Amino acid sequence: MSGTRLPDGRVLFVTGTGTEVGKTVATAAVAASALRAGLRVAVLKPGQTGVAPDEPGDAEEVGRLAGPAAPHSGDLTLRELARYPEPLAPDTAARRSGLPCLAAEDVAKEVAGLAERHDLVLVEGAGGLLVRYDEQGRTLADQARAVRQLGLPAEVLLVASAGLGTLNTTALTAEALSARRLPLLGVLVGAWPDSPGLADRCNLADLPRVAGAPLLGALPEHAGRAADFPALAAAALAPALHGHWDAAAFVAAHGAG
Ligand SMILES: Nc1ncnc2c1ncn2[C@@H]1O[C@H](COP(=O)(O)OP(=O)(O)OP(=O)(O)O)[C@@H](O)[C@H]1O
Ligand SMILES: [Mg+2]
């Protein structure tokens, strides 16, 4: 189920079934595991909303969590292209603030530059897949397509919430990706509860089914506060994401049978 190991030089767009599902923690986990595996990693947050100029954004949060896994300071690059203070979709936040929108081509150019100097480039979206970044209504999916048009093999990682409602938004996201011919590498549960309910447990089997892509891990709900985040990340991610999580064993232990 875990698929093959992610080849070096890849670009992975991290989207979610919604906002606050754990994209940043998931991005940090993939970054930390890749760094432990000896890869040079770049993390790009194209549009950061809901954060004041002097506050840490998602990229800084990734640095806090994954930074300790970087053997040399140059192995982890953190980038943010635009920041808007209001907690809104980037296009709305840009319009209200009078700041310029982010063009998909500019994001693609930045990704291409980062891909020249890193083995893995992670791009964290804002909210879910079809959240808009500009007046033309272009989305993270358009950024991924623009990267692929540059000849880079961009794929998508979908971070899903664990419980009720996640199957619908996972299926919708998978269908939207397929309509745009964007490859879905797999699904990652952003916050696996300490005490999972029936829906959480059933979803372990149903998430990959509705996504048409493998389950690539489940981050414990308190992962972000772990003493050794990189070790926890490697244990919670499948080999395709540079970890040693065993999907079949996890589903056997926690699934609903
Ligand atoms: N596995 C986890 N361990 C610890 N905390 C988590 C985990 N998943 C999510 N959280 C917490 O839940 C909140 C939302 O998580 P996160 O910031 O990763 O979501 P997001 O999908 O990146 O949201 P956004 O759309 O705002 O970027 C944060 O406060 C985060 O610390
Ligand atoms: Mg985030």
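Everything quoted here is computed from the prediction, not taken from an experiment. For ligands, and for the atoms within them, numbers begin at 1 and follow the listed sequence.
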For this session: Please identify which atoms of ligand 1 are closer than 4.0 Å to at least one heavy atom of H222.
Result: 3 (N), 4 (C)
Seminar exercise, completed: Numbered in order shown, the ligand 1 atoms found under 4.0 Å of a heavy atom of A191 are 8 (N)
Problem set entry | Atoms of ligand 1 close to T19 [distance to a heavy atom under 4.0 angstrom, numbered from 1] | 24 (P), 25 (O), 26 (O)
For this session: Tally every protein N/O/S atom whose distance to the Mg ion (ligand 2) is less than 2.8 Å; waters are neither shown nor counted.
Result: 3
Exercise. Can any side-chain N or O of N203 pair as donor or acceptor with the backbone N or O of D206 at less than 3.5 Å?
Worked result: no
Problem set entry | Atoms in ligand 1 with a heavy atom of K23 nearer than 4.0 Å | 18 (O), 19 (O), 20 (P), 21 (O), 22 (O), 23 (O), 24 (P), 25 (O), 27 (O)
Exercise. Can you check side-chain hydrogen bond (donor to acceptor under 3.5 Å, both in side chains) on S97 and E86, steps first, answer last?
Worked result: CA-CA 8 Å; S97 65; E86 293 181 317; over 6 Å; no
Problem set entry | Residue and atom name of the nearest protein heavy atom (relative to atom 29 (O) of ligand 1), distance in Å to one decimal | E20 OE1, 4.8 Å
Exercise. Does E124 come within less than 4.0 angstrom of ligand 1, counting non-hydrogen atoms of the residue?
Worked result: yes
Problem set entry | Ligand-residue contact atoms, ligand 1 with K45, heavy atoms, under 4.0 Å | 27 (O)
For this session: Number the atoms of ligand 1 from 1 as they appear, then name those within less than 4.0 Å of a heavy atom of G127, with their elements.
Result: 25 (O)
For this session: Taking atom 4 (C) of ligand 1 as the reference point, report whether a protein heavy atom occurs under 4.0 Å from it.
Result: yes
Problem set entry | Under-4.0 Å protein heavy-atom contact, atom 26 (O) of ligand 1 | yes
Problem set entry | Atom indices of ligand 1 within 4.0 angstrom of D58 heavy atoms, with elements | 27 (O)
Exercise. Going by the atom numbers of ligand 1, which of them fall below 4.0 Å from some non-hydrogen atom of P220?
Worked result: 1 (N), 2 (C), 3 (N)
Problem set entry | Heavy-atom protein contact below 4.0 Å for atom 11 (C) of ligand 1 | no
